[in-house]
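Report on the structure given below.
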Amino acid sequence: MSPSRPVVLVVEDHVLIRQGALDIVNSAGFEALEAQSADAAIMILESRTDIRLVFTDVEMPGTMDGLKLVHYIRDRWPPVHLIVASGKAILAESQLPAGAKFFFKPYDETSIIEMMTKMLAEPPRPQH
């Protein structure tokens with residue numbers, strides 16, 4: 001049996017943008033999961049142990065936005081890699097959890113794929 005593809009969770013409330021991000025993840029050779037809100041993303045993370053990377057938008061409806069979501073994920077699931085994108089907010093690295101990367105929308109697909117590939121090439125960090 002071949003090793004399974006790394007799993008990437010895309011969190012985006014706009015359907016067309018989410019579909020585009022899912023296409024990017026799939027074209028990079030990774031398995032893509034989707035959530036339309038931070039709350040849905042947390043439910044998926046709670047039910048699956050194989051998610052290696054979360055790619056989220058900042059502006060989302062619900063109890064938390066993408067920035068709060070990535071901090072929550074870093075605290076609760078430290079091994080998960082994080083990529084944050086926004087068309088409105090420009091975030092400084094100091095606003096993001098350690099190791100998270102920010103991309104301004106519209107983002108360059110090649111840059112996103114390169115960053116995902118780089119992050120997912122690292123061996124999974126152990127859970128504490």
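Because the structure is predicted, anything quoted here is derived from the model rather than measured.
Criterion: ILVMFWY side-chain heavy atoms under 4.5 Å apart, direct or through other members. Under it, Leu82 and Phe104 are part of a common hydrophobic cluster.
Within the structure, salt bridge (Lys or Arg N to Asp or Glu O under 4.0 Å) pairs that include any residue of residues 7-26 comprise Glu12-Lys105, Arg18-Glu34 (at least two apart or interchain). Counting only residues at least two apart or on different chains, no ring-ring contact (aromatic ring centres under 6.0 Å, His included) pair has a member in residues 7-42.
Closest approach of Val25 and Ala32 over heavy atoms only: CG1-CB, 3.6 Å. Between Ile113 and Ala28, the shortest heavy-atom contact is CG2-CB, 3.8 Å. Smallest separation of non-hydrogen atoms from Ser37 and Met60: CA-SD, 4.1 Å. Here the closest heavy-atom approach between residue Gly62 and residue Asp39 is recorded as CA-OD2, 4.0 Å. Residues Leu22 and Leu33 share a closest heavy-atom pair of CD2-O, 3.5 Å. Closest heavy-atom contact between Ser86 and Val58: CB-CG2, 3.7 Å.
Looking at Arg76, its side chain never comes within 3.5 Å of a backbone N or O of His71 through a donor-acceptor pair. For Arg52 (side chain) and Val8 (main-chain N/O), no donor-acceptor pair under 3.5 Å exists by modelled atom type. With His81 contributing its side chain and Gly99 its backbone, the two residues share no donor-acceptor pair below 3.5 Å.
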Next on the checklist: Is there a side chain to side chain contact (heavy atoms under 4.5 Å, CB included) between Phe55 and Ile112? Walk through the geometry before answering.
Outcome noted: CA-CA 9 Å; Phe55 178 29; Ile112 296 282; 3.9 Å; yes
Item to check | Leu69 and Ile42: CA distance, side-chain angles, deciding distance, side chain to side chain contact (heavy atoms under 4.5 Å, CB included) verdict | outcome: CA-CA 8 Å; Leu69 174 64; Ile42 289 167; 3.8 Å; yes
Next on the checklist: side chain to side chain contact (heavy atoms under 4.5 Å, CB included), that's the test. Do Leu45 and Trp77 meet it? Break it down for me.
Outcome noted: CA-CA 9 Å; Leu45 284 158; Trp77 295 283; 3.6 Å; yes
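Taking 4.5 Å as the limit, every side-chain heavy atom of Leu96 sits out of range of all side-chain heavy atoms of Lys101. In this structure, Val84 and Leu67 have side chains that are not in contact, with every pair of non-hydrogen atoms separated by 4.5 Å or more. Side chains of Leu9 and Ile44 form a contact here, defined as non-hydrogen atoms less than 4.5 Å apart.
The distance from atom CD1 of Ile73 to atom NZ of Lys68, rounded to the nearest 0.5 Å, is 14.5 Å. Note: Asp57 CG to Lys88 NZ = 8.0 Å, rounded to the nearest 0.5 Å.
Ring-centre distance between Phe102 and Tyr107: not below the 6.0 Å cut-off.
In summary, Arg48 and Glu31 engage in a salt bridge, as defined by a charged side-chain N under 4.0 Å from a carboxylate O.
A side-chain contact (heavy atoms from CB on, under 4.5 Å) with Val7 is found for exactly one of Leu53, Leu120, Thr49, Ile51, namely Ile51.
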